[in-house]
J.: 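Mind looking over this structure? Questions follow.
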Amino acid sequence: MAGFRLSSGGSRIDRSRPFTFTFDGSPVEAFAGDTIASALMASGRSIVARSFKYHRPRGIFSAGAEEPNALVTVGSGGEREPNVNAATRLAAPGLEVSGQNAWPSVDRDIGAVNQVFAPFFGAGFYYKTFIGPLRRSWMWYEPAIRRAAGMGSASLDPDPARYEKANVFADLLVVGAGPAGLAAALAAGRAGARVILAEAEPGPGGAIDLEEATIDGAPAAEWAAMASLELSEMANVRLMPRTHVWGYYDGGVLAALEDCGGEGETRCRHWRIEARQVILATGACERPIVFSGNDRPGVMLASAGLAYVRRYGTAPGGSIVLFCNNDEAWRQAALLAEAGVKIAAIVDPRTEVPGTLAGPIAAKGIDIILSHVVAAAKGARRVEAAVIAPVGEAARAAEAARIDRPAGEAEGESVPPASPGGVFEIAADTILVSGGHTPIINLASQAGGPPVWREEIAAFVPGEPRQDWIAAGAMTGAPTLEIAVNQGAEAGTLAANALGFNAVAKELAVQIQIQGLRTSIQDGGLLPLFEVEPVGEKPDKAFVDLQHDVTADDVRLAGREGFVEAEHLKRYTTLGMANDQGRTSAINGLAILAGERQMPIPAVGTTRFRPPLAPVPLGAIVGRERGHHMRPIRRSPLHHAHLEAGAEMMHAGLWLRPRVYAHKGEGLFAAYTREARHVRAKVGIADVSTLGKIEVAGPDAGTFLDRVYTNTFSTLPVGKARYGLMLREDGFVFDDGTAWRLAEDRYLVTTTTAKAAEVMMHMEFLLAAVWPELKTTLASVSDQYAGIAVAGPRSRALLARLVDGTPMDREAFPFMGVRQASIAGVPALIARLSFSGENAYEVYVGADCGPFLWSELLRQGADLEVAPYGLEAMGTLRIEKGHVAGPELNGRVSAHDLGLGKLLSKKKPFVGKPLALRPALSEEGRMELVGLLATDAAFRSGAHLVAGTEEAPGASEGHVTSVTYSPELRNHIGLAMLKGGRKRHGQTLFAADPIRGAHCRVEIVSPHFVDPQGERLDA
Amino acid sequence: MLIPCPVCGMRDAGEYHYRGDATAERPPLAEEAAEPWVRYVYERQNPRGEHLEFWQHVHGCRQFLVVRRNTETHEVFEARLVGPFGQGE
């Protein structure tokens, strides 16, 4: 392959440091500083990608973030990174780069047969094809379509890279370190403001290196380097290179992604930048003109051509046709020619251009073809020729005359060779194209009003700010370096003064070497042209959005089909929805739609810009919060005691809790059934520290609890506990627990583990916003206590050995009694409560004393055979008793459903009462709590209760909420919610679980399986 | 979004828990009819523009605030403590 590397030049490369990397397995030569794209271009490779839908060969189109074609996959295994922009990612020695959306390679791609089926893939393909009778076939076709259309694929291996998140604060954030951004940062930085200057590129200057000019006497690029150096030496200024600001959020919060460039351990860093003032200087992006075959490798943005020459010493091709409609491109053509790049012709639809621009071009021997356009690119794997056609007067003249004209020259304009309609071809391997510049207004739009159309530059500029930002430079449509840089300086001064600093405006003197450029903001120096009409028969496709393969015909079709709003066009055709965010395609698409609707472009309007402006890896958003760092883990004060006892720990909400304390060689089933049996037969201890605990104190504490609970607490004697039910305002069950009266004006309320935080907030709200007159305070003491349940027939005997200060016998310490005493010398609260149905106690001591108490209970109870029991056995014991818990309290059940209707006091008002008494919450046929007995095999929670057999199951009548094996009943049992369940005890149904393939016969019974009379409680 | 907590100062909205419409009128405790409670629990205006909302500073002082805010631009105009301490200076 013939290469395009020039013999000299390239400001960003170091020719003394050559290396190789691979592209689709073949070695590619590169120099330090090369991007993947510049090295591929230098190597002479034309095809670097295959297109999204049609698998057409694609080449490098740009030299920046706007790149629509050259997306590649970098790396392999877990480090494989798809959809990397080759135009911005630096090449590195040994880097494995591969092409995407192609098999076996981008060079020889079998998927290219899609081009044959192209007529089927037009706008709205999915919507049209998979409706009606074909809708069901979507499931069948989807995998094939998803494989054929698309981008790179992510690795399925864990990503070994490290991502970070960080916050930073500033008086002023300047986005973009181009000429305007640098001038702004200097003005504000010199005034003393805390400034952050964020720039997506590794170095400062933006596109200043494509200028031939001086600023304050220094060459422009040198001025940029000096400005950057001065800023880096200011203690109040922070430079953030390789940092792409991608979102502008409320309250002066901006999101940015820092590419850490593979140095150190971190791949990239997500920044949350908070700034009081913002200057947006994000520049402009050149846009193409749409013509037939405009996606062929070798078609490239004009400024990109110059960028590759100046930055990487690489010519975009061997022989170039430049197609443009604006003065700026002529200036660039002169610079390209000066660098030794061969330009065959410059084609411009305008009838005249300023002589100061045409002069240097003509002097280089470049053909100047005015009043003409490039109507098509010819060629297969790369451009081979540009098809040139006349426009306007020239076209009419050619059409009217239909005569052969002799070839010749007149006044510097080359007269095309004769052909029908004046159409002719110029051999070229590269077509550089420039349709003008589109300001990059995404961030301004995210934090501002609708963009404003500027006819003279044929583009949208930022609308009204809705936050404290000022736009400066090319993004406002500033036509020259002089205007841009001074806009920046003025914006920096304004922002600094708004922040209370004393900045003095200082004008920068700019000399531009090539004269004749527009100098005022009113003169766009451009003839708006977005699309060229095709010539000849069967023209090739003309692409608007190269990355999503949206053609000009797709846009027109969408318009004809009624998708006439910009937002509709975007969604119907996917125009601008690829990861280049439509930088090079949006305006052209709107212009074509406006043409189809015969209305001006601003009347069509733009879509609203949304974050992210640039692709952001999910890893960067996640940061270090992955794996077990994804959410905090709460450990009980007894955690280490559980580990010592050999517990198998499990996640329950945020908590890590002991599931079972399995003996050696014992499985889960054997362990929890043993533990449950042990509690019923002897004595067990369990960790209940995770329960929510709230101290409610004050003279009105009782009144408050009467209003919060459905039942009455103000009458509860000191030294007693009571079970209580809480409703939400809408009358459904919120939570349950016990409240203990510790003193006349002091209660300890316990909540379920899951609802602890919500109950606290609920109570806080009621006290603050609804009943501020109640003299009551709340304190969460969940973390202050360690709680241990001591349950089983021997529990009293065990505690009696350790407790001082209160008699333990059953009369002196009755069921639901609460005592303040000391246990093993530690002050404790002891309540005689039972969740298991056995005689049991809950003992609360200071969290720090928990492990000591735990080990004392085990040590002093050894001869009573005390043993710890875990979450599984706790579940077994409560299911055997029909006690409800999280799976039953799912937010959709009423007190009636749970058989707790009697707890709704008739004597007093309470939260949720009027709505709980709505007839619908206790009507016939509601889902009611029942017990289930397996009659053949074990069933699982989540199964639905149906009447029929597996072949004809019938409709669901309820569902299974909790299951366990009951050692007491020697059977699998469960709790369920069943329509009209309480009247259906004795019936037989099936627990249907078609997803997991089970259909088990169950008998409906009372949920109180064990000791329904509660005789064991007072044993 | 930043909310100025009268106790803790200017803090990020992530420290707060949204608690709903502060203009919804809660019927008196003794109200037994369902209709006013249905209005209080279910019916909301969801206005565009200025609105009063309850926010709790859960990761700070845990106080409930009434925040006057623009639901369209998210601009926060004012935040005061709920109840007697929020009345006047």
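All chains are named by letter (A, B, ...) in the order of the sequence lines, taking the proteins before the strands, and each is independently numbered beginning at 1.
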J.: Relative to chain B, which of R918(A), E764(A), R707(A) shows the most heavy atom pairs under 4.5 Å?
T.: E764(A)
J.: Roughly how far, to the nearest 0.5 Å, is the CZ atom of F765(A) from the CZ atom of F54(B)?
T.: 4.5 Å
J.: Which members of residues 6-24 of chain B, sorted by number, sit under 4.5 angstrom from chain A on a heavy-atom basis?
T.: D12(B), H17(B), R19(B)
J.: Tell me, for E773(A) versus chain B, whether the close heavy atoms (under 4.5 Å) come from the side chain, the backbone, both or neither.
T.: neither
J.: Taking the basic N atoms (NZ, or NE/NH1/NH2) and the acidic carboxylate oxygens, is any pair closer than 4.0 Å for R466(A) and E75(B)?
T.: no
J.: Verify side-chain contact (heavy atoms from CB on, under 4.5 Å) between L29(B) and W771(A), making sure each step is shown before the conclusion.
T.: CA-CA 10 Å; L29(B) 183 65; W771(A) 308 309; 3.8 Å; yes
J.: Any idea which heavy atoms bring P914(A) and A33(B) closest together, and the distance?
T.: CB-O, 4.0 Å
J.: Relative to chain B, which of R728(A), R272(A), K908(A) shows the most heavy atom pairs under 4.5 Å?
T.: R272(A)
J.: Can you measure from OG1 (T73(B)) to CG (D250(A)) and round to the nearest 0.5 angstrom?
T.: 7.5 Å
J.: Given a strict heavy-atom distance threshold of 4.5 Å, which part of Q56(B) is in contact with chain A: side chain, backbone, both, or neither?
T.: side chain
J.: Hey, could you give me the CH2/CD distance between W37(B) and E729(A), rounded to the nearest 0.5 Å?
T.: 5.5 Å
J.: Just so I know, are the side chains of M760(A) and V58(B) near enough to count as touching, which here means a heavy-atom distance under 4.5 Å?
T.: no
J.: May I ask you to check whether over 12 heavy atoms, not counting those of K165(A), lie within 6.0 Å of atom NZ?
T.: yes
J.: Would you say the side chain of L917(A) lies within less than 4.5 Å of the side chain of E32(B), judging by non-hydrogen atoms?
T.: no
J.: Heavy-atom pairs under 4.5 Å with chain B are the metric here; pick the option from P772(A), G251(A), A768(A) that has the most.
T.: A768(A)
J.: Report the distance from atom OH of Y42(B) to atom CG of D730(A), rounding to the nearest 0.5 Å.
T.: 4.5 Å
J.: Give a yes or no on whether E923(A) atom CD has more than 12 heavy-atom contacts from other residues, nucleotides or ligands under 6.0 Å away.
T.: yes
J.: R26(B) and L766(A): side-chain contact (heavy atoms from CB on, under 4.5 Å), yes or no, with the steps?
T.: CA-CA 11 Å; R26(B) 195 176 197 278; L766(A) 291 170; 4.2 Å; yes
